[in-house]
Structures are given as structure tokens and as C-alpha cells.
S.K.: 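Have a look at this one before I ask anything.
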Number of protein chains: 2
Amino acid sequence: MTVQHSAPPLSQRQSAILDRVMANGYVTIDALAAEFGVSAQTVRRDIIALSEAGQLQRFHGGAGPADAMEAARLDYAAKRELGKPAKTEVARKAAALIPDGAALFLDVGTTIETCARELARRKGFTIFTTSMRAAMAFDPRSHAVYVLGGRLAGKDGSLVGEDTVQKLASIHLDVALIACSAIDETGRVMDFDLSKIAVKRAAMAASARSMLLSTRSKFDRTALGKIADIGDFSAVVTEDHPETSLALVQAPLQE
Amino acid sequence: MTVQHSAPPLSQRQSAILDRVMANGYVTIDALAAEFGVSAQTVRRDIIALSEAGQLQRFHGGAGPADAMEAARLDYAAKRELGKPAKTEVARKAAALIPDGAALFLDVGTTIETCARELARRKGFTIFTTSMRAAMAFDPRSHAVYVLGGRLAGKDGSLVGEDTVQKLASIHLDVALIACSAIDETGRVMDFDLSKIAVKRAAMAASARSMLLSTRSKFDRTALGKIADIGDFSAVVTEDHPETSLALVQAPLQE
DNA sequence: GGAAGCCTGTAAGATACCTTACAGTTGGCA
DNA sequence: TGCCAACTGTAAGGTATCTTACAGGCTTCC
């Protein structure tokens, strides 16, 4: 079994620069020059080489990540922009409905992540989630964060696995924040990803209340599998202007 | 139970800017101005406000993350710099010893993460890990990545839990890549974090071979708990200049 | 109505960075 | 030794960004 790298040769310093970029997300040329004890121009040359090799992305004054994994994250990030303002509004409204100190399940999804960042600015939550990106939003010193393990499924940092369901069965949570792919005319809440549906249902079963976060763009559409009926949720949070075909509940949750 | 945010009020656009920063890691002012349809100067003002609020960090031409979680990551990243060149060397040497397509356990730690990024540039590995940061280094389309769940323990994205040990007991891996805090004069490999020791031992037990990644700065020191004896490892990877008090094995692994 | 406050856009000078070009250093090789 | 290639540092001029300052539009409130 051959041991070989497909990547082109990198100097020690270039490799170190890559490390820093991957770790910090963004580094300035000045910082790199100071760290390695070389001139800014030398660092610039390294960055140009790495940039041309597609290893990172140049910015004015520094460089940021741009490789396979990060590029996927950017694709993923770009996807967020589609429903951006609506997502943010939904996330903020949902976060405002969560009482302090609650024990929560956080589903996978961009809206949930935005909500997670909103919640992370408070303190004392207990979080169960299958989304690494949602988990990373929290400071472990301010919150108790539990990540339900599994196989890394996509660029979104989501984890899927059979154990997840049974682990959820053994705990009790206050609120499950659930995302979906579609809500059809009859009020069926649906998702494209079958592997995640079981997790969503288990999370709902393990929680006293379930909250569905969905932009109106998901309404009157259909998807592969059914998660639940819209009536199974204690609250459905969407944008204002509820000109949809469904009656929406938006009452604050209480313990 | 009161529902309130401790954070100061943010405009819709400022909040959206934060979202983008958290998602992309770094955004340029031009990109933000174009996205929101406002002038660069307006975006700059938003960024200045957010920066003064400690929500993000200003850079020449854009802004990057700098809030609680990310700041912790930066602290963590700063820590890497202590043993930087040595860590990189160890990581690269270790990665070169791993045969293609191997099933691996990746421990928590900066050296392991650097090694993970090195491995991620190849294809076909099966990865089990308790480190979210290590997991994120891989593209799930090129590798099978399994994250062993647990409680988010620190800024390093590490997960600890009781289930982890028993889950490891049910699988078989080729190589376990293990990190440690110290190796004392008698060859005892030790760690400061007791909660992680059980995981390391379980991973070693589940793997045909174990590889210890350690810079020489860890040698002739001691720590809280013992992981194993240095003889329990199939290979110990450290920097060149093996002027240590221990005989080190650095043989390539084969299946 | 009118003043005050806030947000926004525009413009000019100051600052920081980038590019290009050239020279010094090092190491390999004949 | 002499030559060449690769790497690095320095410097000058161009470009981009930042800062500061001012003006217009909008809302609030008297």
C-alpha cells in the first residue's frame, strides 16, 4: 500500500501559513511576517503561491481559507443567502421565544444555526444537537453543549447515525427546534433527507414542546418524507405577513 | 422566567453582517456593500460598531470573527504557536506513516489537527474522532468521518462522554493517533485531562496499532494521569534530533 | 412647522497595502 | 573558482482602503 501525497510540495513556512489560515480563518500579512520573522513581501509571495495553488484565498492585507472543505462551507454559506433576511427574522423570533436556561434540541439547518448564534449570546442553556456548526456557536463555558455523534453527512457539519435516536429516547428536553424542507397544503411537515427524519421525530418525542422554524418559502411545497403534522408543533415560527394557507401559532413558551 | 437578551440591540443589517462573518469566517467590505445595496462607508460604520461591541474583528478591507466562541478559538490558535514548527513537523511525519485507506482514530489536540489537515488532502480514510475540529478538516465526500458524540468540553471542539468508550469497544481500527500532555523519565505517557484518558485508552484498545504524536517539549515532564507506557505504542513520532532520554521507534506502518 | 437626532451618501486627504523591479545571499554544480 | 537558480529584502510608484468632514433625507418630538 503506497504512501504518497497528491498535493504539490510546500515549503515549511507555506505549510505553516496554511495551518494558521485553517485555524484562525483569516490572518494578516503583518501577523504572519512577525510570526515567521520574515518580511511582509516574503509572506506575500507565499500567499500568492498558495492562492494560485487554490490552497487559500487572497484578501487585501491577508488571506483566508479557500480549500476543499472551506470551499464547501462557502458554497453552503452562499446557499444561506437565498433566504437570508427571512431566515434571520425567523431565527430571531424563535430565539426570543426560548426561556432562559432551557434544555434544547437543535436540528440541522441554516436557520437553526442562525438561531443558535442568537441563543449563544445568552447564558445557561443546555443544548443537544447533531449539528457541529450549531454546537460550535456556543461557548462551552456559558452553556452545556452535547453533540450527538454520528457520521459526518455533509458540508453543513451534520451528523447522522442510528445511535442518535436511542440516545434521544433516554433524555428529556424542554424544547426541540426543528427545521424542515417543506410544508404541504395539508399541513404535513416534510424533509428531503430521510436519514434525518428519524432524528427529528425522536427529538420531538423527547421534548416537552417542539418549535418549527420555517420561512414562508417552504410553505405549499412537498418533499420526500413526512416528519410530522404541523399541529404536532407547539409553535411554528415564520416571517411576518402570515399570508399563508395555514394558521400559525406564535405563542411564547413557558416552562 | 424572563426572556431577554443581554446583548445590545443590533440593526437588521448588522445582524446579517455578523451572520456572514460567522458563516464565511471573513468577508470584504465590498462584498457586504454589494450584498446589502449600501455604500462601503455604511458597511464600514456597521463594522466599526460591531467591532467596538466586540462582536467581530476589523481588518483592512473587511472583517472577521472575534466573538466569545471565536475568540476562544483564537486563544486556542494562539496556543498552537507555542510549539508551532515542531508540531507541524511531527504532524507531517506522522501523516506520512499512515497508509492510504486506513481506518483511524484521531485524538484531540493541535498536533492531531494539523495531522488531520495533512491527511485530508488525500482520499479514502475512515475517521473516528472526538474532535470536531479534526472532523471538520475532512471533506465528507472524500472520507468517511464518524464523530463520537459527547459533551463539548472546550474551545478546542473536543467531545467527552461515557458512551464514547463503549462505542469504541465495538469497532476495530487500523491506527489510533494519540496525543498526550507529558512523557516522564520512566516512559509513562500522561495527560492532564482525566476525562480524556479513558477515551485514549479505549481508542488504543480498539486499534491494531497506536501512534503517539508528541513534540520533544512533552518529554521528561509529568502530568495528572497515566494513559499508557511508551512501549504500548507501535510508533512514537517526534521531531528530528532525538536527543531525548527515550529510544523512539519510527517505523512505517503496514497493514 | 421646526429643531434635534439618526442614518446614509459623497468627497478629499492620509494611510496602508500591492506591484514591480532590482540587488544581496545562499546553495548546488561543473 | 565561477556560474546559475532559488529565495529573500529593499525601494518606488500605483492602487485601494481608511479617516474625517460635510450635506441630505428621514423620523421623533416639542
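Keep in mind that the numbers below use all heavy atoms, side chains included, and drop hydrogens, waters and symmetry copies. Chain naming here is simple, since letters A, B, ... match the order of the sequence lines and numbering starts at 1 in each. Owing to the predicted nature of the structure, the values given are computational and were not obtained by experimental measurement.
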S.K.: Pick out the pairs of N or O atoms, protein on one side and nucleotides 13-16 of chain D on the other, that lie under 3.5 Å.
M.R.:
none

S.K.: Just the atom pairs and distances: protein N or O near nucleotides 19-22 of chain C's N or O, under 3.5 Å.
M.R.:
| from | atom 1 | to | atom 2 | distance (Å) |
| --- | --- | --- | --- | --- |
| C/dT19 | OP1 | A/R58 | NH1 | 3.2 |
| C/dT19 | OP2 | A/R58 | NH1 | 3.3 |
| C/dT19 | OP2 | A/R58 | NH2 | 2.8 |

S.K.: Under 4.0 Å: is that the gap between some side-chain N or O of A/T42 and OP1 or OP2 of D/dG9?
M.R.: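 It does, given that an N or O in the side chain of A/T42 lies less than 4.0 Å from OP1 or OP2 of D/dG9.
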S.K.: Using atom CZ of B/R13 as one end and atom P of C/dG9 as the other, report the distance to the nearest whole Å.
M.R.: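 The distance from CZ of B/R13 to P of C/dG9 comes to 7 Å, rounded to the nearest Å.
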S.K.: With sequence neighbours left out, write down each residue that passes side-chain contact (heavy atoms from CB on, under 4.5 Å) with B/A49, or none if nothing qualifies.
M.R.: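 If we apply the side-chain contact (heavy atoms from CB on, under 4.5 Å) test to B/A49, skipping adjacent residues, the hits are B/Q14.
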S.K.: Over how many whole Å does the gap from B/L32 atom CG to C/dT8 atom C1' extend?
M.R.: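 Nearest whole value for this atom pair: 16 Å.
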S.K.: Can you sort out the partners of A/A63 under side-chain contact (heavy atoms from CB on, under 4.5 Å), two or more places apart, ordered by chain and number?
M.R.: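 For A/A63 the side-chain contact (heavy atoms from CB on, under 4.5 Å) partners, ignoring immediate neighbours, are A/I47, A/L56.
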S.K.: Going by ring-ring contact (aromatic ring centres under 6.0 Å, His included), name the residues that satisfy it together with B/H60, two or more places apart in sequence or in a different chain.
M.R.: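 For B/H60 the ring-ring contact (aromatic ring centres under 6.0 Å, His included) partners, ignoring immediate neighbours, are A/H60.
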S.K.: Quick one: list whatever passes side-chain hydrogen bond (donor to acceptor under 3.5 Å, both in side chains) with B/S158, sequence neighbours left out.
M.R.: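 Testing B/S158 for side-chain hydrogen bond (donor to acceptor under 3.5 Å, both in side chains), a comparison that skips the adjacent residues, returns B/D156.
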S.K.: State plainly whether the residues B/R13 and B/D46 are in salt-bridge range, i.e. N to O under 4.0 Å.
M.R.: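 Salt bridge flag = yes for B/D46 with B/R13.
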S.K.: For B/S181, what residues pass the side-chain contact (heavy atoms from CB on, under 4.5 Å) criterion, not counting sequence neighbours?
M.R.: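 side-chain contact (heavy atoms from CB on, under 4.5 Å) check on B/S181 returns B/D191, B/F192, B/A223.
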S.K.: List in chain and number order the residues that pass side-chain hydrogen bond (donor to acceptor under 3.5 Å, both in side chains) with A/S217, two or more places apart in sequence or in another chain; answer none if no residue qualifies.
M.R.: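 With neighbours one apart ignored, the set is A/T215.
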S.K.: How many Å lie between CZ on B/F36 and C1' on C/dT8, as a whole number?
M.R.: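 Distance, rounded to whole Å: 16 Å.
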S.K.: Residues two or more places apart in sequence or in another chain: which of them pass side-chain contact (heavy atoms from CB on, under 4.5 Å) with B/A94?
M.R.: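 Testing B/A94 for side-chain contact (heavy atoms from CB on, under 4.5 Å), a comparison that skips the adjacent residues, returns B/C115, B/M211, B/L213, B/V237.
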S.K.: Take atom CD1 of B/I29 and atom P of C/dT8, then tell me their distance rounded to the nearest Å.
M.R.: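 Spelled out: CD1 on B/I29 to P on C/dT8 is 15 Å.
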